[in-house]
Enquirer: 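So that we are looking at the same thing, I have put the structure below in structure tokens.
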Amino acid sequence: MRRPLPSVAAAVLVLAALPTRSWSQAPARPMAVVASGGAAIPSGAFGDDHTVGVHGAVSLLIRLAGEGVRLRPELGVGRFGLKDGVGTVVPLAMSPAALAMSRTAGARVVPGDGSDAVGASTLLSLLANLELPLARGAYLVGGVGATRINTLAASRDRDVNQTALAYNGGAGVRFRVGRVEAFVEARLHALSLDEERVAFSGVRTIPLAIGVVF
């Protein structure tokens, strides 16, 4: 599931080798609209239960004083299909491993049997990001916000509906294609959920995006 990252890095390096005149750090106007979309790779425990998904986002690119950091508030949505159904949450206090270790808190996940494979998880995020321009159109982007995760499985007792603090960070490169201001971008989007209420914890996704600046 992590193999596409080297390809993205290679693409950024190739783009960086293009003539300087084809690059643009950001629009000169004080504010612009940014729209992007692409694939999203589930990672960690979240990746154990989900397939590669899709995502899209709309944000504002607001120039602050001078040519330095830019504010980039963003509204994004991602959707991931379930592989074999979300496992059942069992308190650790009831598991043999917990009894052996004298642990009484938390939870563990018992994998599903595949009978509830139909379903999907949707992530709706509102993020306050900052963008730091680098050389030749490259930039760093990252910030914090909130993400609402909604998982609908065939078995309703395995549904998830929870909002959590989220953070994200990554890099991109902006360039011109004719008169169009475009960019490619890769980020890590992560949030923590209440392990006693959901069947997976430590949700992490890797959105790979192509976008335009209006």
Side-chain angles (χ1 to χ4, degrees), residues 1-12 26 33-62 69-83 86-87 109 119-134 138-153 159-174 182-195 197-213:
M1 299 298 291
R2 300 177 182 175
R3 293 180 181 176
L5 290 181
S7 299
V8 173
V12 171
V33 178
V34 179
S36 63
I41 302 172
S43 180
F46 191 68
D48 293 338
D49 293 317
H50 295 81
T51 61
V52 174
V54 295
H55 80 100
V58 176
S59 59
L60 294 177
L61 189 61
I62 304 171
V69 176
R70 299 177 179 92
L71 182 63
R72 189 172 160 184
E74 176 181 279
L75 177 64
V77 61
R79 187 173 177 82
F80 304 82
L82 291 175
K83 287 181 180 177
V86 180
V109 176
S121 288
T122 301
L123 277 64
L124 180 63
S125 302
L126 182 61
L127 303 169
N129 293 325
L130 292 176
E131 186 178 297
L132 177 64
L134 302 175
Y139 60 88
L140 300 177
V141 60
V144 298
T147 294
R148 182 76 175 178
I149 180 170
N150 179 262
T151 298
L152 295 176
D159 289 352
V160 177
N161 197 359
Q162 187 177 347
T163 301
L165 178 69
Y167 59 91
N168 76 118
V173 62
R174 188 171 288 116
F183 64 91
V184 292
E185 193 174 271
R187 293 193 230 171
L188 173 65
H189 181 191
L191 60 148
S192 298
L193 299 175
D194 185 348
E195 296 184 16
R197 296 177 55 190
V198 302
F200 43 79
S201 61
V203 175
R204 294 190 299 275
T205 65
I206 304 171
L208 308 175
I210 299 175
V212 293
V213 181

Enquirer: Working to the nearest 0.5 angstrom, can you tell me the gap between E131 CD and S59 OG?
Expert: 8.5 Å
Enquirer: Can you measure from CZ (R204) to OH (Y167) and round to the nearest 0.5 angstrom?
Expert: 7.5 Å
Enquirer: Which residues pass the side-chain contact (heavy atoms from CB on, under 4.5 Å) test with A171, not counting sequence neighbours?
Expert: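 With neighbours one apart ignored, the set is L140.
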Enquirer: Quick one: are L208 and H55 in side-chain contact, heavy atoms under 4.5 Å?
Expert: no
Enquirer: By side-chain contact (heavy atoms from CB on, under 4.5 Å), which residues pair with T147, not counting sequence neighbours?
Expert: L123, S125, A166, H189, L191
Enquirer: Please give me the minimum heavy-atom distance between S121 and F46, naming the atom from each residue.
Expert: CB-CZ, 4.1 Å
Enquirer: Quick check against the 3.5 Å criterion: does N168 have a side-chain atom that pairs as donor or acceptor with the backbone of G143?
Expert: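 Indeed, once roles are kept as given, a pair shorter than 3.5 Å links the two residues.
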Enquirer: Enter the distance from L152:CG to N150:CG here, rounded to the nearest 0.5 Å.
Expert: 4.5 Å
Enquirer: Can you list everything that forms a side-chain contact (heavy atoms from CB on, under 4.5 Å) with V58? Sequence neighbours excluded, please.
Expert: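 For V58 the side-chain contact (heavy atoms from CB on, under 4.5 Å) partners, ignoring immediate neighbours, are V33.
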Enquirer: For the residue pair F80 and V52, what are the closest heavy atoms and their distance?
Expert: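 Shortest heavy-atom contact: CD2-C, 4.5 Å.
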Enquirer: Heavy atoms, side chains only, cut-off 4.5 Å: are V34 and E185 in contact?
Expert: no
Enquirer: Working to the nearest 0.5 Å, report the span between CD of E74 and CG of L126.
Expert: 9.0 Å
Enquirer: Should we say atom CD1 of I210 is surrounded by more than 12 heavy atoms from elsewhere, each under 6.0 Å from it?
Expert: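 Result for CD1/I210: open.
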Enquirer: Identify, with sequence neighbours excluded, every residue that meets side-chain hydrogen bond (donor to acceptor under 3.5 Å, both in side chains) alongside R79.
Expert: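 Result, side-chain hydrogen bond (donor to acceptor under 3.5 Å, both in side chains) vs R79: T122.
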Enquirer: Mind checking the CD1-OG1 spacing from I41 to T51? Nearest 0.5 Å is all I need.
Expert: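 It comes to 11.5 Å.
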Enquirer: Would H50 and L82 satisfy side-chain contact (heavy atoms from CB on, under 4.5 Å), going step by step from the backbone distance to the final call?
Expert: CA-CA 4 Å; H50 295 81; L82 291 175; 3.3 Å; yes
Enquirer: Minimum heavy-atom separation for K83 to G47, with atom names?
Expert: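 Closest pair (atom of K83, atom of G47, distance): NZ-O, 2.9 Å.
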Enquirer: Indicate the atoms forming the closest heavy-atom contact of A40 with P42, along with that distance.
Expert: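 That would be O-CD, 3.5 Å.
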Enquirer: Compare every heavy atom of A146 with every heavy atom of L127, then report the nearest pair and how far apart it is.
Expert: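 Closest approach of L127 to A146: CD2-N, 4.4 Å.
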Enquirer: Taking all heavy atoms of S36 and all of F183, pick out the closest pair and write down the distance.
Expert: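 That would be CB-CZ, 3.7 Å.
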Enquirer: Which residue, L61, L60, I62, forms the side-chain contact (heavy atoms from CB on, under 4.5 Å) with R72?
Expert: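 The single option meeting the side-chain contact (heavy atoms from CB on, under 4.5 Å) with R72 is L61.
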Enquirer: Atom OG1 of T163 and atom CG of L165: how far apart are they, to the nearest 0.5 Å?
Expert: 11.0 Å
Enquirer: With sequence neighbours excluded, tell me which residues meet side-chain contact (heavy atoms from CB on, under 4.5 Å) with A128.
Expert: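 Not a single residue meets the side-chain contact (heavy atoms from CB on, under 4.5 Å) criterion with A128.
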